[in-house]
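Counting from 1, the numbers follow the sequence of the chain as shown. Counting starts at 1 for both ligands and their atoms, in listed order.
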Amino acid sequence: MRADVFTLFPQWFEWFRTQRHVENAYALGHSVEAIDFRETTPLKWGQVDDTPFGGGAGMVLRVDTMEAALRARYDEDPVELRSHRRVIALTPSGRLLDDALATELAGEEEITLLCGRYEGFDERILEHFVSDQVSIGRYVLAGGELAAMVVLDTVLRKLPGVLGDDLSAVEESYSEALEGAPEYPHYTRPADWRGWAVPDVLLSGHHARVEEWRRAQSRARAERPLP
Ligand code: 6GU
């Protein structure tokens, strides 16, 4: 996967890259590139945003700035780009990120993530340049950067070879393997701590019974109300 992230804060992604599983993804030929809107803006003094028509608080990312950034990168009219590439705007009101969407994106060779700041994007960006709007939850962040990192974190860990053990990403909370249910509980040594014992079945060495216990736990967790 090649992920391009358009942002006003490309340096934030340098930290993101230092995570073990992101480093692993790079070693396997995947990449995350952060691209600065200011470097291609057609406006003076690196201007990229402006005050909203009609008044109100905050600044809005300009459509001409966005078009220039996308054209410089892809050498194509961004109106066409979105017909053959996922161009994803991170917005608080977008499609909620879940395991199914992460799996879907992990199947793409190339994706583009657009991070807005302040009050967000000029609506014409969303209408004409973007194929998807994605949100990581119903609350507002100061910008799309952290949301983009959340999307990339969950997508990259699904790529084969990125986690130490590929099976880690198969049977986990909300995965198809667990029928969308939360994961079963895990225990490790010590087997007893202050009288808090690990369930006997996990120490039994009986693989089929362990499997059965885990499925039952996972299902029970799916049925009880969220904390
Ligand atoms: Cl994707 N962006 C912003 N700015 N805030 C958010 C979000 C995205 N998802 C939840 N809150």
> Quick one: does Ala147 get an N or O within less than 3.5 Å of an N or O on ligand 1?
Replying inline: no
> Thinking salt bridges, do Lys158 and Glu104 make one under a 4.0 Å N-O criterion?
Replying inline: no
> Considering only heavy atoms of Val134, which atoms of ligand 1 have at least one such atom less than 4.0 Å away?
Replying inline: 1 (Cl)
>> Closer than 4.0 Å to some heavy atom of Tyr139 - which atoms of ligand 1 meet that?
In response: 6 (C), 10 (C), 11 (N)
>> Looking at Tyr26, I'd like to know if the NZ or CZ of Arg17 sits under 6.0 Å from its six-membered ring centre while staying within 45 degrees of the ring's axis.
In response: yes
>> What I'd like to find out is whether the side chain of Arg85 reaches to under 4.5 Å of the side chain of Glu109, using heavy atoms alone.
In response: no
> Among all protein non-hydrogen atoms, which one is nearest to atom 5 (N) of ligand 1, and what is the separation to 0.1 Å?
Replying inline: Leu141 N, 3.0 Å
> Checking salt bridge (charged side-chain N to carboxylate O under 4.0 Å, His left out) for the pair Glu33/Arg73: CA distance, chi angles, key distance, verdict?
Replying inline: CA-CA 11 Å; Glu33 199 169 333; Arg73 178 72 177 173; 3.1 Å; yes
> With hydrophobic residues grouped by side-chain heavy-atom distances under 4.5 Å, do Tyr174 and Ile136 end up in a single group?
Replying inline: no
> Which residue and non-hydrogen atom of the protein lie closest to atom 10 (C) of ligand 1, and at what distance in Å?
Replying inline: Gly137 O, 3.0 Å
> So, is Ile136 polar-close to ligand 1, with some N/O to N/O distance under 3.5 Å?
Replying inline: yes
